[in-house]
Number of protein chains: 2
Amino acid sequence: MSSPKKTMPSAAPPAVSMADLARELGVSMTTISRALSNHHSIGAATKQRVLKLAKKLNYQPNHLAAALRKGQSRLLGVVVPYIEGKFFPSVIQGIEQAASKAGFSVIVCQSHEDVQLERRNVETLLNAQVAGVLVSLARNTQEFHHFDKVRQRGVPLVFFDRIPPTEQVNSVVLNDREGAFQATRHLLEQGCRRVAHLAGPQHLNIYRHRRQGYLDALAAYSIVPDEDLIITSDMTTEDGAGATRQLLALPEPIDGIFAAGDSAILGALQVLKAQSIRVPQEVALAGFSNEGFTAITEPQLTSVDQRCEEMGQAAVRLFLELAAAPDAPFVQRQVVLQPELFVRESSRQGAPLS
Amino acid sequence: MSSPKKTMPSAAPPAVSMADLARELGVSMTTISRALSNHHSIGAATKQRVLKLAKKLNYQPNHLAAALRKGQSRLLGVVVPYIEGKFFPSVIQGIEQAASKAGFSVIVCQSHEDVQLERRNVETLLNAQVAGVLVSLARNTQEFHHFDKVRQRGVPLVFFDRIPPTEQVNSVVLNDREGAFQATRHLLEQGCRRVAHLAGPQHLNIYRHRRQGYLDALAAYSIVPDEDLIITSDMTTEDGAGATRQLLALPEPIDGIFAAGDSAILGALQVLKAQSIRVPQEVALAGFSNEGFTAITEPQLTSVDQRCEEMGQAAVRLFLELAAAPDAPFVQRQVVLQPELFVRESSRQGAPLS
DNA sequence: TTGTAGGCGTTATCAG
DNA sequence: CTGATAACGCCTACAA
């Protein structure tokens, strides 16, 4: 049992620092720092010596110290409501790809659809001195002061998908209205005339826009919207099932449903099948998000794809632009991605009976 | 336009520090520090004054500095192969829950099934001075030196689900062998006598154990394993489909398939249905992971549940134990969770025809 | 091209 | 109970 050099609180093993390298080589820390960071004013020979020793002693830079010193790290913070399903993992995938290309690491936090957690996540990230924050809002976020701190600290802030309603912000969104329009129009083209809409919480931009796109399509076909056919919920599978039962109880039958989310349209499908109502012959279905399971159900579900990876990449690009010009005055920037409708059996007339 | 106090490289806004509080109140930084960290030797009155001013000036502690000083942060690093599907998000959910209860924040990295990225992730986490590292291995990780560094630095290291084969490590795993045994035995109980196995990469503990559990069950029924019935692949849906076609081409027909993953069993189901082979009457199916889609397919898929949340919580508990006794000599610890078989239509004889 | 010295914000040690 | 002081590891004027 050898006693440690100094009184260490925990058995912290000898993490080798720049000072160690300097002592070993008999040069100053400045030289070490320069060699390691590839500074221009450094002798090629010295540099090699330093790099070699660093490798030999397994030197690991302490980014923490560097971040403290510079007030900036190479960390990018991401806050999403949750990571189940396909959408957010895919967006994160896009973010990691683009970030890594630019030399940033990504740390992901979930708000679990809770503002309070979202607030804590933002603070955690700020205290970790992240170089930027990318956020998709929690469902119940109606108040946005926790983001003021981010801007006050001069940390670039980019929202994606679920963005604040009124604030002047930088954001990347899907053209949800267009996506909903395409899906609904597609149902109408297939011959549907009484198309219902399963809508999501209307304080969220995405669901508001999807509802609007639905209305646009009806208008394009000169159909007067029927309030009874629009049911707003949290868009779970159960919500979708319940809403569908409600719709089926209406005196005048429906012949199509466009849901603002795939879980809800799945619930609808399950209820219709349980009641032996044929899809798409009697009721055609279209959802939103192009979740993985849309290709598994029978019939497969028509859905709007959200360009997840592109969204993540665009968010990072936006961040990089902002980071490149820290003192530039604020100008609102918004990237709008175009959705793509994936037509599958649930809406295609003439689809084979299961 | 007011000029900044000092020459700042970027427009870093005035982050209020402990020094500011000290100056404002005319006390020392020590006092501030103590008041903020609830140290025992501090006057109640002074403490209140400090806390009040801190709130007023919106003081935000710089955890970075604290971590640098203490060599320890309240951050917990997690490395997983990917976050699609149900398993890893659920485990992460369990981790976040348990960690947050203990006052830790969680940062998640994906290795994307790539050792090199895994290595980089580990370094990123170490350099962020995380208090602990929780890892589930990438598929192609066969070499483990990057984890030595973690231990060398005295940072608690816990593996979960996918763990190194030989190393002396702390880990949380499912009893995969038992789960596979239950699933296969269940198929045999339903009357199957030629049960095939879709196996995963055998250098991963989980797939090796699942294969063994399959063999155990056969042995329990005195069935001699047939190598032709065991097909090893990467377990994607396509792999499962291909393997199933291969199995159907055998001279002697099979009557059951146990797959070590749900994607593969999904592929099997799709091929069987395409060939109008009835499930479960002609071929019964069972998978592993209890993915969300197992309850969506027709018939619904029997699968082994992995206790995801519990796994995450157990991993954190293990970490906390290790962190509580930093100088304790290494003793290998392993938590083994019991799986649960979810029996659904794909294996239940007497299930209604679709 | 290299070295010196000061500080980023916090905590720990020691002395009052 | 409080205060001065020295670190933690790194970066960067400024001087040599």
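The basis for the numbers below is simple: all heavy atoms, side chains too, and nothing from hydrogens, waters or symmetry mates. Order of the sequence lines sets the chain letters (A, B, ...), proteins ahead of strands, with each chain counted from 1.
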Most 5' of B:Leu68 and B:Gly26 on DNA chain D, judged by nearest nucleotide: B:Gly26

Sugar-phosphate, base or nothing in reach of A:Met18, heavy atoms under 4.0 Å: sugar-phosphate

Candidates A:Val78, A:Leu125, A:Leu76 - the one meeting side chain to side chain contact (heavy atoms under 4.5 Å, CB included) with A:Ile107: A:Leu125

Aromatic A:Phe147 / basic A:Arg119 pairing, under 6.0 angstrom, 45° off normal: no

Listed nucleotide nearest any side-chain atom of [X], set [options]:
X	options	value
B:Thr31	D:dC10, D:dT2, C:dT10	D:dT2
B:Ser28	D:dG3, D:dA7, D:dC10	D:dG3
B:Arg69	C:dT11, D:dC11, D:dC10	C:dT11

Contact check, side chains of A:Leu117 and A:Gln110, non-hydrogen atoms, under 4.5 Å: no

Without decimals, in angstroms, what is the distance between [X] [atom1] and [N] [atom2]?
X	N	atom1	atom2	answer
B:Gln129	D:dC10	CD	C1'	12 Å
A:Ile32	D:dC11	CD1	P	12 Å
A:Lys70	D:dG9	NZ	P	18 Å
B:Leu25	D:dT2	CG	P	12 Å
B:Asn62	C:dG9	CG	P	7 Å
A:Arg23	D:dC10	CZ	P	12 Å
B:His40	C:dA12	NE2	P	12 Å
B:Met29	C:dT11	CE	P	9 Å

Under 3.5 Å side-chain donor-acceptor pair for B:His39 and B:Ser37: no

Is [X] close enough to [N] that one of its side-chain N or O atoms is under 4.0 Å from OP1 or OP2 there?
X	N	answer
A:Thr46	C:dT2	yes
A:Ser41	C:dT1	no
B:Thr30	D:dG3	no

Base C:dA12 paired with B:Ser33 side chain (donor-acceptor, <3.5 Å): no

Base of C:dG3 paired with side chain of A:Arg34 (donor-acceptor, under 3.5 Å): yes

Smallest separation among heavy atoms of A:Ser111 and A:Ala138, with atom names: OG-CB, 3.6 Å

